[in-house]
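Chain A is the first sequence line, chain B the second, and so forth, proteins listed ahead of strands; every chain is numbered from 1.
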Amino acid sequence: MQEKYSPQEIELKWQKYWYERKLHITPPTPPLNKGGISKGMSLNKGGQGGVEKFYCLEMFPYPSGKIHMGHVRNYAIGDVIARYKKMNGFNVLHPMGWDAFGLPAENAAIKHGVHPAKWTYENIDYMKKQLNRMGLSYDWDKEVTTCSPEYYKWNQWFFLKLYEKGLAYKKASFVNWCLSCATVLANEQVIDSKCWRCDSAVIQKELEQWFLKITHYIEELLQGCDELKGWPERVVAMQKNWIGKSEGVEVDFLVEGINEKLRIYTTRPDTILGVTYMCLAPGHPLTEKLIENKVKLESVKEKYSKMEDKEGLFAGHYVINPLTGEKIPIYVANFVLMEYGTGAIMSVPAHDQRDFEFAKKYGLPIKEVIVPEGGAEEQKNRRTEEAFEDEGVLVNSGQFSGMKSEDAKKAISKFIEEKGLGKITVNYKLRDWGISRQRYWGTPIPIIYCDTCGIVPVSEKDLPVILPEDVKFTGKGVSPLLESEAFLKVNCPKCGGNARRETDTMDTFVDSSWYFVAYCLKGGLDFKFQISNLQSPIDYWMPVDQYIGGIEHAVLHLLYSRFFTRAMRDMGILNVSEPFTNLLTQGMVCKETWKCPEHDWLFPDEVKDGKCVHCGKEVEKGRVEKMSKSKKNVVDPNALIEKYGADTMRLFSLFASPPERDLEWSDKGVEGAYRFLNKIWGIVYKYRAEAQKSRSAEVTSGLPGFRASALIRKTHQTIKRVTDDIEKDYHFNTAIAALMELVNDISSFVPETDEDRTVAEIAIKNTLLMLAPFAPHITEELWEVIGCKNSIFEQPWPAWDEGLAKEEEIELVVQENGKLRTKIIIPAGLSDVEAKQKALEDPKIKQILNGKQIKKVIVVKGKLVNIVTG
RNA sequence: GCCGGAGUGGCGGAAUUGGCAGACGCAAGGGACUUAAAAUCCCUCGGGGCUUGCUCCGUACGAGUUCGAGUCUCGUCUCCGGCACCA
């Protein structure tokens with residue numbers, strides 16, 4: 001053993017060892033009865049008939065070129081969990097793969113002329129090496145790469161299955177079109193009417209698009225949210241929010257003079273008596289019919305859904321309020337959305353702020369029909385300043401006057417339904433999922449257009465439809481696939497005549513909506529074979545027990561995966577509804593930033609004594625921001641590994657903060673983690689000779705009567721703490737802190753007898769075992785040094801002995817009226833009466849209590865005595 | 001605006017069911033070793049007061065409940081994240 005810890009050497013050594021011993025390869029799936037054994041086996045660790053399974057999954061990366069710190073953190077967390085579960089006897093599936101389709105590859109092709117496939121596969125090779133250099137325990141036999149034909153074949157297969165069921169359909173619709181990316185964006189990909197990727201403005205364009213009918217499962221997806229007990233609350237809230245269910249009523253208003261009905265949707269039927277005008281979306285079918293002045297209409301259209309101001313135009317027609325018979329003017333307004341509800345609203349300016357503002361602008365009447373319950377005083381000024389949007393009591397509402405909003409909603413809805421004026425309706429914000437992309441580097445949609453037969457799906461036996469190679473990447477607005485003759489021209493599967501292929505490819509979120517199921521199958525994917533298969537490994541492994549990834553996927557990826565899981569369930573491929581039992585959304589990796597007034601963001605080494613090295617100007621210390629190239633605050637994992645090794649990098653990224661919270665990177669903190677590993681190295685170096693001699697010593701059980709039992713006690717307390725911290729909510733930072741305490745104790749322990757040396761050895765072995773999931777290489781090395789055979793990861797996780805962990809003496813806090821007065825040492829396990837006795841006998845307490853009246857004494861067992869005085 | 005989450009030393013962060021506020025780490029200061037430095041080891045490290053042992057104050061702010069509040073309740077402020085003209 002070398003005296004000095006050299007991470008490079010030992011890390012490569014053990015990575016090679018793990019690879020050669022196939023240590024990370026998942027054991028074969030035990031034989032199953034469909035749905036039966038996995039349940040029956042639970043909690044049966046290592047007994048007859050197999051063990052409990054644990055599926056540990058981290059979000060797979062896009063192969064952009066290099067691993068960054070966000071990946072490091074994500075995968076370090078996952079690796080600790082996987083290794084910990086293995087040591088606890090679970091049958092663990094811990095796979096990794098590549099989310100390999102997507103725009104950057106195509107952009108690289110346009111810019112540098114390198115084919116997307118070449119670019120992607122080279123990146124994958126490099127990043128895979130990086131992941132292995134981190135010492136992550138992936139079973140690469142399960143690897144998936146979404147851009148490979150054997151993977152995307154199943155995208156196409158799923159598409160066909162959905163098409164058969166009517167869950168994939170084509171429709172012409174206005175879609176979001178990004179001029180800069182020259183592609184269609186899903187509603188979810190438009191943020192503040194800008195492209196989610198390039199931030200440029202999005203325009204509306206009419207195109208034929210393929211949609212997946214996620215709304216088929218919408219109610220189930222919403223209800224299912226309440227079952228997601230293992231998910232962070234905020235993610236569940238975001239999912240619900242995105243689905244956006246609202247309950248209301250649709251009502252028909254007759255348009256006066258022409259034979260038309262105007263249907264609106266409202267969630268506030270209690271205010272229907274307060275309607276003073278109607279508003280249509282500019283794109284509403286009636287709009288064109290009613291408006292004569294097309295020029296003015298254009299100007300309203302231009303301002304459609306622009307937040308700045310409300311713009312409207314009188315349509316020259318009136319409707320009749322079916323409840324009052326009142327004549328009400330119709331307007332076209334830019335703020336009314338065609339995509340939601342019916343594209344038309346009833347306007348109640350007294351009780352809706354938007355309607356109020358619009359009414360003020362166009363001088364429309366405001367009719368109050370709701371007053372706050374109880375207080376009538378503050379009403380007056382309200383009428384002139386803002387709408388009263390709360391619920392209250394109805395006034396000026398005929399037969400409904402005097403009712404509470406809540407009751408009136410029901411009564412009026414019922415009235416409307418009974419009179420045939422409309423119906424109670426549920427609305428959702430979530431739309432069907434538009435998956436068509438005018439891009440090359442994605443899954444071809446397996447559809448053929450025939451002049452005689454129309455839309456014809458590719459037959460299953462002809463899958464996969466493979467991306468052609470003879471494609472030019474110009475970056476122009478049309479799909480590159482349109483230029484490939486060989487791809488485009490095809491014979492119709494039905495009539496054999498001339499036909500052409502669909503040239504759009506699928507949204508890459510399709511790829512990631514089922515990859516977690518693909519991992520369950522080793523090699524050659526075949527879902528057809530999995531349908532109602534009684535021995536399916538999918539049934540064994542699904543659902544994912546722990547999913548770990550970034551919060552940025554809180555809505556889209558997770559929602560689509562939940563949708564796909566249900567669709568697969570209904571195809572008979574699996575028998576769960578929710579894919580991810582527990583979800584951990586790790587925080588971002590951040591670092592301080594520097595900004596020069598002239599040179600903008602600076603690298604840390606461009607700052608000397610608070611001044612910019614280029615211009616000498618005073619540098620402003622920027623905020624702590626998420627690591628990004630543009631802010632020049634990134635830390636390169638390669639450089640860290642080179643300097644400190646993978647174990648240190650992993651350890652620090654786990655120690656600096658709990659996983660769900662943001663992590664502030666600190667170069668000094670990394671050195672602290674490195675120091676800690678060096679300290680353990682030094683300890684083992686010191687004890688190595690003795691340890692090798694006495695390999696008979698029990699690892700976890702204590703030997704009573706030791707003088708050094710304090711260290712044994714600390715060891716057992718630490719096993720308990722570390723286990724609890726990991727089990728509770730993966731709070732690795734406190735688990736590592738506990739290990740640091742134990743190491744500090746070992747390091748200051750001076751053994752005098754042989755027994756002492758055995759005690760030290762027990763403490764050291766347990767420390768190594770507990771540290772192993774966090775810092776796998778150094779612990780393997782030291783495990784070997786002290787003479788243990790086999791991998792440390794073939795050892796069981798240590799167990800603590802409650803008796804040995806128990807303190808013999810405790811420090812009793814003595815308070816007077818809740819204020820700390822003194823602390824006394826008493827034997828553990830005293831009764832409340834005895835503890836009280838000891839406290840009152842203490843000389844200092846006696847002195848303080850002198851002459852005071854004791855009202856009562858509160859005893860908290862093993863902790864504290866509080867004396868309440870008068 | 002609505003929905004989440006957070007606010008604790010110089011810093012990152014700890015504190016079962018309400019029970020010693022500040023674990024662990026970083027930074028800082030002092031000391032040992034050294035020709036010197038690095039590394040390592042030891043000590044100090046929330047603030048105030050003084051008689052250096054004690055004492056008072058202290059978990060964003062203001063109330064409250066309680067023998068006792070970082071933790072529970074109500075109100076206020078600030079920050080972060082998500083959604084947002086969704087009728």
Could you go through nucleotides 21-28 of chain B and list every protein N or O atom that sits under 3.5 Å from one of its N or O atoms, giving the distance for each pair?
residue	atom	partner	partner atom	Å
A23(B)	O2'	Glu741(A)	OE2	2.6
G25(B)	OP1	Asn744(A)	ND2	3.2
C26(B)	OP1	Arg675(A)	NE	3.0
C26(B)	OP1	Arg675(A)	NH2	2.6

[X] side chain N/O closer than 4.0 Å to the phosphate oxygens (OP1, OP2) of [N]?
X	N	value
Arg431(A)	C86(B)	no
Tyr340(A)	A87(B)	yes
Arg661(A)	A14(B)	yes
Lys856(A)	C67(B)	yes
Lys819(A)	A69(B)	no

Separation between the [atom1] atoms of [N] and [M], rounded to whole Å:
N	M	atom1	result
G7(B)	A60(B)	P	8 Å
G10(B)	U44(B)	C1'	15 Å
A14(B)	G70(B)	C1'	12 Å
C77(B)	G62(B)	P	15 Å
G81(B)	U76(B)	P	23 Å
G9(B)	G4(B)	P	27 Å

What integer distance in Å separates [X]:[atom1] from [N]:[atom2]?
X	N	atom1	atom2	result
Ile412(A)	A87(B)	CD1	P	18 Å
Glu660(A)	A6(B)	CD	C1'	12 Å
Ile243(A)	C86(B)	CD1	C1'	15 Å
Asn427(A)	A87(B)	CG	P	8 Å
Glu339(A)	A87(B)	CD	P	14 Å
Asp667(A)	C11(B)	CG	C1'	14 Å
Lys4(A)	A38(B)	NZ	P	17 Å
Lys240(A)	A84(B)	NZ	C1'	19 Å

Could you check whether atom [atom1] of [X] has more than 12 heavy atoms from other residues, nucleotides or ligands sitting under 6.0 Å from it?
X	atom1	answer
Lys806(A)	NZ	no
Lys855(A)	NZ	no
Lys643(A)	NZ	no
Lys861(A)	NZ	yes

Name the residue closer to the 5' end of RNA chain B, choosing between Thr267(A) and Glu811(A) according to the nucleotide with the nearest heavy atom. Glu811(A)

Which comes earlier along RNA chain B counting from the 5' end, the contact point of Asp352(A) or that of Leu864(A), where each point is its nearest nucleotide? Leu864(A)

From C-beta outward on [X], which listed nucleotide comes closest to its side chain: [options]?
X	options	result
Thr266(A)	C85(B), A87(B), C57(B)	A87(B)
Val868(A)	G19(B), C67(B), C20(B)	C67(B)
Lys310(A)	G4(B), C85(B), A87(B)	C85(B)
Asn866(A)	G19(B), G13(B), C85(B)	G19(B)
Asn241(A)	C20(B), G4(B), C83(B)	C83(B)
Ser657(A)	G19(B), G13(B), A87(B)	G13(B)

Does Lys310(A) make a cation-pi contact with Phe335(A), if we ask for NZ or CZ under 6.0 Å from the ring centre and within 45° of the axis? yes

After noting the C-alpha distance and the side-chain angles of Lys720(A) and Glu802(A), does the key distance pass the salt bridge (Lys or Arg N to Asp or Glu O under 4.0 Å) rule? CA-CA 9 Å; Lys720(A) 185 181 160 113; Glu802(A) 202 67 58; 3.3 Å; yes

Shortest non-hydrogen pair, Gln2(A) vs Trp681(A), comes out as O-NE1, 3.1 Å

If you look at every heavy atom in Val624(A) and Cys590(A), which pair is closest and at what distance? CG1-CB, 3.6 Å

Just checking [X]: base, sugar-phosphate only, or nothing, at a heavy-atom cut-off of under 4.0 Å?
X	result
Lys855(A)	nothing
Asn678(A)	nothing
Val235(A)	nothing
Pro232(A)	nothing

Salt-bridge criterion met for Lys409(A) and Asp270(A) (N-O under 4.0 Å): no

Phe652(A) and its ring-ring contact (aromatic ring centres under 6.0 Å, His included) partner, picked from Trp665(A), Tyr674(A), Tyr644(A): Trp665(A)

Base partner of [N], which must satisfy Watson-Crick or wobble distances under 3.5 Å:
N	result
C79(B)	G5(B)
U40(B)	A32(B)
C11(B)	G25(B)
U65(B)	none

Pull up the glycosidic torsion of G49(B) and say syn or anti, syn being anything within 90° of 0. anti

